[in-house]
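Structure, as structure tokens:
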Amino acid sequence: MAAIIIAVWIVGYIGSETPGGPDSPKRLLINIHKSVAIAVLALVVVRLVWRALHAPPPLSSGSALVRFIAGAGHWLLYLLMIAMPLTGWAWASSGGRPVEFLGLFELPRLLAPNEAAKSFLGETHRTLAWVTAVVIVGHVLAAIKHWLIDKDDVLQSMLSRRR
Ligand code: HEM
């Protein structure tokens, strides 16, 4: 999921920076961005069901404050994994733009076209995209700290099922 979300982020950013025009790849990039991000929304639902049925490994043996920050960071990641696709989907709907899944079928509109909602949701999607980037970088830096400074098995447990 991490790899997919980072790829969706990069494609969304490149797509938004690409000028539009008849021969521009902008539309293709944005369509790939939307389709793959909708898959993220479906995967996060599966992931939440899995997590509810299978207890995650206990957090590291750091101080109570460190464990609180780690737990809060994990829930923030879940919140963003839901909020990013939903704000993107609602943004496209409010602008009257279709949301297709890999060209296979079109998803229902979340909102009727509405200029005020469109500008609010666009701002929200863009702002949350940067919040997501900061949280992902923090998450990666914390994992590297466990590996290089604490020298424990937290990074290994993030990469495999064994602890
Ligand atoms: C994990 C989910 C998602 C992530 C991480 C993500 C991330 C991003 C990022 C980084 C940008 C560029 C922001 C900027 O210009 O500052 C962007 C733009 C955009 N996203 Fe998403 N996004 C996600 C889901 C979605 C979904 C589900 C849709 C629609 C169905 C969507 C529609 C768009 C659109 C239309 C743009 C703007 C393109 C433009 O400027 O023309 N996004 N997204």
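Note that ligands are numbered from 1 as they come in the structure, with each ligand's atoms numbered from 1 the same way. The figures here come from the full heavy-atom set of this structure, side chains too, leaving out hydrogens, waters and symmetry mates.
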- Message: For ligand 1 and R126, I'd like to know whether there is a polar contact (N/O to N/O, distance under 3.5 Å).
- Response: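 Such a contact does occur with ligand 1.
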
- Which residue pairs pass the ring pair (Phe, Tyr, Trp, His ring centres under 6.0 Å) test when at least one of the two sits in residues 12-45, sequence neighbours left out?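 Residue pairs passing ring pair (Phe, Tyr, Trp, His ring centres under 6.0 Å), neighbours aside: W9-Y13, Y13-W130.
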
- Message: Can a donor-acceptor pair be found, under 3.5 Å and without considering hydrogens, that links the side chain of S94 to the backbone of W91?
- Response: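 Answer holds: yes.
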
- Task: Kindly say whether M84 contributes a backbone atom to a donor-acceptor pair with the side chain of H125 at under 3.5 angstrom?
- Result: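 Yes, the answer is positive, given that a donor and an acceptor are paired below the 3.5 Å cut-off.
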
Pull out every atom of ligand 1 sitting under 4.0 Å from any heavy atom of [X], numbered as shown with elements.
X    : value
W89  : 28 (C), 29 (C), 30 (C)
W130 : 16 (O)
V99  : 30 (C)
K26  : 39 (C), 41 (O)

- Fit a plane to each ring of F101 and F105, take the angle between them on a 0 to 90° scale, and name the class: parallel (under 30°), tilted (30 to 60°) or perpendicular (over 60°).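 Because their plane-to-plane angle lies in the 30° to 60° range, the rings of F101 and F105 count as tilted.
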
- Geometric class of the H74/H139 ring pair [parallel <30°, tilted 30-60°, perpendicular >60°]: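 Perpendicular: the ring planes of H139 and H74 meet at over 60°.
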
- Remaining members of L53's ILVMFWY cluster at a side-chain heavy-atom cut-off under 4.5 Å?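 When side chains under 4.5 Å apart are linked, the cluster holding L53 also contains V49.
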
- Do you know how many protein N, O or S atoms are within a distance smaller than 2.8 Å of atom 21 (Fe) of ligand 1?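 Considering protein N, O and S only, atom 21 (Fe) of ligand 1 has 2 within range.
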
- Query: Does any pair with a residue in residues 14-39 pass salt bridge (Lys or Arg N to Asp or Glu O under 4.0 Å), and if so which ones, sequence neighbours excluded?
  - Reply: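 Listed once each, the pairs would be none.
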
- Message: For F68, is the CZ atom crowded, meaning more than 12 foreign heavy atoms sit under 6.0 Å from it?
- Response: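 Not buried by this count: 12 neighbours or fewer within 6.0 Å.
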
- Query: Is the number of heavy atoms from other residues, nucleotides or ligands under 6.0 Å of E115 CD greater than 12?
  - Reply: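 Open.
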
- Message: Measuring from atom 35 (C) of ligand 1, which candidate in L128, I10, I30 has the nearest non-hydrogen atom?
- Response: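 It is I30 that holds the nearest heavy atom.
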
